[in-house]
Protein chains: 2
Amino acid sequence: MGHNIDVVKKKLYDKDYKLTPQRRVILGVFAKNPDKHLSAEEVWGIVKGTNPEIGLATVYRTLDLFAELDILQKMDFGDGRGRYEFYESEVHNHHHLICLKCGYVSEFEDDLLETLESEIEKKNRFQVVDHQLKFYGYCEKCRQGTR
Amino acid sequence: MGHNIDVVKKKLYDKDYKLTPQRRVILGVFAKNPDKHLSAEEVWGIVKGTNPEIGLATVYRTLDLFAELDILQKMDFGDGRGRYEFYESEVHNHHHLICLKCGYVSEFEDDLLETLESEIEKKNRFQVVDHQLKFYGYCEKCRQGTR
DNA sequence: GTATCTGCAAACTCTTTGCAAAAAC
DNA sequence: GTTTTTGCAAAGAGTTTGCAGATAC
């Protein structure tokens, strides 16, 4: 997996950051919600259940830090807020399906884009380091009118 | 092409919207900047050259309206502001290369994703209506240190 | 003429920042 | 002890909204 507590600790300590209780709690939120794409406000909402003293600014700062250290990956689904999930080095082959009705985000795997990247590097003289692929449409529940 | 003035007029009038001078001017900005991906503030900056009386709120409202009518397409490159370009029905096969250093956005064409979409519909029971593909990396100028 | 549209300023949402107190090592 | 981190409140960026006056048809 790559995102257990010791790996996180190492990533932090390597750059002289500390593993504070707040950071531990925020990390726990993602561990307990592995398939969600949480915004700062959502993380804060969950955190406040057990730790009401933690401030929203701390959540923002922690998410920023974790993204910088490749512990989390920041994403943008065009709804005006940043969203986060555990960083996966295989994120290249992990894309998002975004429901236009209920906003639910699911994932799917594919490695089709590898070939496309090398083509771009040649044709467009552009060095690709990452990509993002999103599909917009309607999830099963919304198509059935259940959501 | 599909985005000449008469087509725009029809799209507006069909829904009882008017083609006001302000809307005409904003449309003109896109006509004169066909390969750019302008933000509201950027459009306003250009508009103010000839029409300093036009307010930023009008620009926002017009861009919103044009996006709703498929005259423009709203995009999000993750820099915290909406960006717009002429809507193309072939937008499906038109993707973006975003330079991580200078922010320059270029485009490239590809229709590889058609097959992927039908695969998703089957595998994930998700009805795809649109997609967005972005590649992040370094443009030629930034790789040479010219930018 | 009347419904739509505009410009302005104020409000709103999400995010960042300054600062003094608290905590980590 | 010193440096990092936190919580709070205030500031910031981008966008939206309410409203009275102006404009398109």
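In what follows, chains are A, B, ... by sequence order, proteins preceding strands, each numbered from 1.
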Output the distance between atom [atom1] ([X]) and atom [atom2] ([Y]), rounded to the nearest 0.5 Å.
X: B:R125; Y: A:C139; atom1: CZ; atom2: SG; result: 12.5 Å
X: A:E85; Y: A:N33; atom1: CD; atom2: CG; result: 12.0 Å
X: B:R23; Y: B:I54; atom1: CZ; atom2: CD1; result: 11.5 Å
X: B:Y104; Y: B:K36; atom1: OH; atom2: NZ; result: 9.0 Å

Please determine if a side-chain N or O atom of [X] lies less than 4.0 Å away from the OP1 or OP2 oxygen of [N].
X: A:Y13; N: C:dC25; value: yes
X: A:T20; N: D:dT6; value: yes
X: B:T58; N: C:dT6; value: no
X: A:Y60; N: C:dT15; value: yes
X: B:Q22; N: C:dG7; value: yes

For [X] and [N], give me the distance from atom [atom1] to atom [atom2], rounded to whole Å.
X: B:F77; N: D:dG14; atom1: CZ; atom2: P; value: 16 Å
X: A:R23; N: D:dT4; atom1: CZ; atom2: C1'; value: 8 Å
X: B:W44; N: C:dG7; atom1: CH2; atom2: C1'; value: 11 Å
X: A:D79; N: D:dG14; atom1: CG; atom2: P; value: 18 Å
X: B:E53; N: C:dA9; atom1: CD; atom2: P; value: 15 Å
X: A:D16; N: C:dA23; atom1: CG; atom2: C1'; value: 16 Å
X: B:D76; N: D:dA13; atom1: CG; atom2: P; value: 19 Å
X: B:L65; N: D:dA24; atom1: CG; atom2: C1'; value: 15 Å

By nearest atom, which of the nucleotides [options] is closest to the [X] side chain?
X: A:A40; options: D:dT15, C:dG7, C:dT15; answer: C:dT15
X: A:P21; options: C:dA24, D:dA9, C:dC14; answer: C:dA24
X: B:K18; options: D:dC25, C:dC14, C:dT16; answer: D:dC25
X: B:Y17; options: C:dC5, C:dC8, C:dT16; answer: C:dC5
X: A:R81; options: D:dT17, C:dT15, D:dT15; answer: C:dT15

Validation row, ring centre B:F135 to ring centre B:F108 under 6.0 Å:
yes
Name the orientation class of the two ring planes belonging to B:H131 and B:H95 (parallel below 30°, tilted from 30 to 60°, perpendicular beyond 60°).
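Ring orientation, 0 to 90° scale: tilted.
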More 5' along DNA chain D: A:P52 or B:D64, using each one's nearest nucleotide?
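First, find each residue's nearest nucleotide; the 5'-ward one identifies A:P52.
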Once you apply a heavy-atom cut-off of 4.0 Å, does A:R61 come out as touching a base, just sugar-phosphate, or nothing?
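Answer is base: heavy atoms of A:R61 come under 4.0 Å of a base.
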Nearest nucleotide by nearest heavy atom, which residue falls closer to the 5' end of DNA chain C, A:L19 or B:L12?
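It is B:L12 whose nearest nucleotide is closer to the 5' end.
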